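None of these values were measured; they are calculated from a predicted model. When a residue number appears, it is its place in the shown sequence, counting from 1.
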Amino acid sequence: MVTNTEVKELGHFINGEIVAGTSGHFSDVFNPSLGAVIARVPIATKEEVQSAIATAKAAFPAWRALSIGKRVEIVMKFRQLMTARMDALIDIICIESGKTIEDAKGEITRGLESVDLAINAPHLLKGEYSVNVGGNINAYSAKAPLGVVAAISPFNFPVMVPLAITTMAVAVGNSVILKPSERVPCSALFLSELWKEAGLPDGVWTVINGDKDAVNELLENPAIEAISFVGSTVVADYIYTTGSKYGKRVTALGGGKNNMIVMPDADLEQVANAFLGAAYGAASQRCMAISTIIPVGEETANKLVKVLADKIAKLKVGPYTDSDVDFGPVITKQSKDAIIGFIDRSLEEGATLVCDGRNPDIAKNSNGFYLGPTLLDNVKPGMEIYEQEVFGPARNVVRVDTLEQAIDLINAHELGNGVTIFTNNGAAARKFITEIDVGMVGVNVPIPIPVGYHNFGGWKRSRFGEGHMFGPDQARFFTKTKTISEKWFEENSESASTFAFPSNND
Ligand code: NAD
């Protein structure tokens, strides 16, 4: 386990064991709460990735041949180990990502939903059967695993996203190669130890650490059948385009720019409380974080901004070791600087500051990558801060006069991950649900992340490909359908050649 004092040299997890990198090239892993390097992660070469793929490929036939019941038994054991080691896992998430303890717990709990879904794989794998479709022939379809599949994950959910994009793949009989974010590799390596202890055969689960070169090998290597990616939109687009070019099945989830519409009839106290957590939780580093609040009508806007300003002033930013902090640092110094740049430029473009989080008190006495909560009013479409995903605690107020304007505004944006409306008016909610072009929609629910047994994914440039994270789509994505027509001859039965195209009237 990583501690705050040692700088550990990490490895890859290949063929059931941690192996040292051979490239001689490393990337620093930080504890963002301290701004200190805690580990060095090896950056894999093309050859290392190729060798990991070969191991995964060799493990596939035996894993596929194991009964689904036995495979699920291992997944259940993995789940048990995860809950038994929950505290150690929370520690690792907090140290390498800067999340608060409660937030890390929430992430693990949501991750376990994917494990639960994978435990239900036998149900999701059931095929279809038709008896006597012609001439004593029975026809059936079965779902077969793909082979070696790759998963590439972002930094902001070191456990939940890897679990969501790999566990079903394992359960249905694939060998899986995970390339976690080089900023949070410790969580993925910890999961590897749990898989090993749960009895997963060597080679079925691999973690290869690295950067875009490792990803490129996964995209191009003919042995990789499918790619499941979660990360920023620019990279998701690249992964989808390149993976598809090399003939792979690809699902690539990208970024979000999520809005919260506030109707004049909504209870503003409830709205503000819901907004704070959804907008600033995890230092706003969630693809489903609310980035823009859209009050409908000038009166609603004026009242709401006042309520928000009072509440935001009381938020506490700090390290996860302080039990009363609302959120922690952002992931890197570069990220912090980029967010401050977004705020500075938005002011030049005409936004007005309601709360300024650019230099919070804690940042004056710590090297951690801290930013306080910033709220900008009078943000308008076309401004950079409105158009781009800002992965940090700088949030916007965009004022509109009508619900129609709010819907048009949201539909015109290139991203469509999540959205929500706060209202007590059923007709307004119904209109919003029907007309909004966004994949995950909330009504009086600030972060409408579906539970693990529903499909998760945005629309437009928030998701490329047809698959989803979570939900029954996982079982479809990681299998292919085989359709079998089967006939058994009775002893001494007669047969004859037929040259007509076979039909079901025979
Ligand atoms: P990122 O796109 O920078 O990195 C994601 C993964 O891609 C990492 O493993 C990284 O090593 C790899 N990568 C980075 N650049 C690459 C390149 N040029 N070529 C190939 N691979 C590359 O994302 P991040 O900063 O780690 O994570 C934050 C982003 O992820 C945000 O945009 C957030 O909205 C998004 N996200 C989306 C969802 C979702 O469900 N839609 C969930 C979580 C995070």
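Residues satisfying the salt bridge (charged side-chain N to carboxylate O under 4.0 Å, His left out) criterion with E107, sequence neighbours excluded, are K99. For F477, there are no ring-ring contact (aromatic ring centres under 6.0 Å, His included) partners, not counting sequence neighbours. By the salt bridge (charged side-chain N to carboxylate O under 4.0 Å, His left out) test, K431 is found to be paired with E404, E435, residues two or more places apart in sequence or in another chain being considered. Residues satisfying the side-chain contact (heavy atoms from CB on, under 4.5 Å) criterion with D265, sequence neighbours excluded, are M263, T423, N424, N425. Residues meeting the side-chain contact (heavy atoms from CB on, under 4.5 Å) test with E299, sequence neighbours left out: K303. Among residues two or more places apart in sequence or in another chain, the ring-ring contact (aromatic ring centres under 6.0 Å, His included) test is passed with Y370 by none. Contacts of F432 classified as ring-ring contact (aromatic ring centres under 6.0 Å, His included), with partners at least two apart in sequence or in another chain: none. Residues satisfying the ring-ring contact (aromatic ring centres under 6.0 Å, His included) criterion with Y240, sequence neighbours excluded, are absent altogether. Under the rule for a salt bridge (charged side-chain N to carboxylate O under 4.0 Å, His left out), R183 has no partner lying at least two apart in sequence or in another chain.
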Do I312 and V354 pass the side-chain contact (heavy atoms from CB on, under 4.5 Å) test, and can you show the C-alpha distance, the side-chain angles, and the key distance before you say yes or no?
-> CA-CA 10 Å; I312 290 171; V354 179; over 6 Å; no

Under the side-chain contact (heavy atoms from CB on, under 4.5 Å) criterion, do V451 and H454 qualify, and how do the steps go?
-> CA-CA 6 Å; V451 285; H454 280 270; 3.7 Å; yes

Could you check V390 against S291 for side-chain contact (heavy atoms from CB on, under 4.5 Å), going step by step and ending with a plain yes or no?
-> CA-CA 8 Å; V390 178; S291 50; over 6 Å; no

Take F456 and L253 through the side-chain contact (heavy atoms from CB on, under 4.5 Å) test and state the conclusion after the steps.
-> CA-CA 10 Å; F456 174 115; L253 271 60; 3.8 Å; yes

Tell me, with the steps shown, if F30 and F369 meet ring pair (Phe, Tyr, Trp, His ring centres under 6.0 Å).
-> CA-CA 10 Å; F30 283 85; F369 311 132; 5.8 Å; yes

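The two atoms that bring I93 and A104 nearest to each other are CG2-CB, 3.9 Å, heavy atoms only. Closest approach of V176 to A169, counting heavy atoms only: CG2-CB, 3.6 Å. The two atoms that bring P154 and S181 nearest to each other are C-CB, 3.5 Å, heavy atoms only. The shortest heavy-atom contact between E182 and V41 is O-CG1, 3.6 Å. Contact record, L409 with V400: CD2-CG1, 4.1 Å, taken as the closest heavy-atom pair. Nearest approach of A428 to L403, heavy atoms of both residues: O-CD2, 3.8 Å.
Not one N or O on the side chain of N367 forms a donor-acceptor pair closer than 3.5 Å with the backbone of G35. The backbone N or O of G392 sits less than 3.5 Å from a side-chain atom of R395, completing a donor-acceptor pair. Listed for the D322 side chain is no donor-acceptor partner under 3.5 Å among the backbone atoms of V325. Side chain of E387 to main chain of G382: a donor-acceptor pair is present (N/O by atom type, distance under 3.5 Å, no hydrogens or angles). With hydrogens and angles disregarded, a donor-acceptor distance shorter than 3.5 Å links the side chain of E389 to the backbone of G256. Put simply, the side chain of E48 gets close to the backbone of T45: a donor and an acceptor are under 3.5 Å apart. Side chain of K460 to backbone of H413: a donor-acceptor contact under 3.5 angstrom is found. Panel note: side chain N396, backbone V398; no donor-acceptor pair is recorded below 3.5 Å. Between the side chain of T251 and the backbone N or O of S228 there is no donor-acceptor pair closer than 3.5 Å. Between the side chain of D473 and the backbone N or O of M469 there is no donor-acceptor pair closer than 3.5 Å.
Of the listed residues (I90, T83, L163), just one forms a side chain to side chain contact (heavy atoms under 4.5 Å, CB included) with I108, and that residue is I90. The only option from L415, D437, V419, V438 that meets the side chain to side chain contact (heavy atoms under 4.5 Å, CB included) definition with W459 turns out to be D437.
Distance check: I224 CD1 to K248 NZ gives 6.5 Å after rounding to the nearest 0.5 Å. Note that CZ of R249 and CZ of R476 are 11.0 Å apart. Values are rounded to the nearest 0.5 Å. Of the inter-residue distances, the one linking I421 atom CD1 with I433 atom CD1 reads 8.5 Å to the nearest 0.5 angstrom. The structure places CD1 of I331 at 8.5 Å from CG of N156, a figure rounded to the nearest 0.5 Å. For the atom pair CG of N455 and CZ of F470, the computed distance is 10.5 Å after rounding to the nearest 0.5 Å. Taken to the nearest 0.5 Å, the OG atom of S27 stands 10.0 Å off from the CZ atom of R40.
Within 6.0 Å of NZ on K306 lie no more than 12 heavy atoms contributed by other residues, nucleotides or ligands. Within 6.0 Å of atom CZ in R430, 12 or fewer heavy atoms from other residues, nucleotides or ligands are found, so the atom counts as exposed in its surroundings. For F26, the CZ atom counts as densely surrounded, since its 6.0 Å shell holds more than 12 non-hydrogen atoms of other residues, nucleotides or ligands. Within 6.0 Å of atom NZ in K311, more than 12 heavy atoms from other residues, nucleotides or ligands are found, so the atom counts as buried in its surroundings.
The list of salt bridge (charged side-chain N to carboxylate O under 4.0 Å, His left out) pairs with a residue in residues 155-168, not counting sequence neighbours, is empty. The ring-ring contact (aromatic ring centres under 6.0 Å, His included) pairs that include a residue from residues 387-407 are F155-F391, where partners are two or more places apart or lie in different chains.
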Could you give the side-chain donor-acceptor pairs of residues 186-196 under 3.5 Å, partners two or more places apart or in another chain?
unit_1: S187; atom_1: OG; unit_2: E96; atom_2: OE2; d: 2.6
unit_1: S192; atom_1: OG; unit_2: A188; atom_2: O; d: 2.9
unit_1: S192; atom_1: OG; unit_2: W205; atom_2: NE1; d: 2.9
unit_1: K196; atom_1: NZ; unit_2: G16; atom_2: O; d: 3.2
unit_1: K196; atom_1: NZ; unit_2: D202; atom_2: OD1; d: 3.1

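The existence of a salt bridge linking E197 and R85 is confirmed by a sub-4.0 Å separation between a basic side-chain nitrogen and an acidic carboxylate oxygen. Salt-bridge formation is detected for the pair R358/D344: a Lys NZ or Arg NE/NH1/NH2 atom is positioned less than 4.0 Å from an Asp or Glu carboxylate oxygen. A salt bridge links E113 to R110: at least one charged side-chain nitrogen sits closer than 4.0 Å to a carboxylate oxygen.
Donor-acceptor pairing under 3.5 Å is lacking for the side chains of N359 and K364. Side chains of Y320 and D91: no donor on one and acceptor on the other come within 3.5 Å.
Using cut-offs of 30° and 60° for the angle between ring planes, the F327 and Y280 rings count as parallel.
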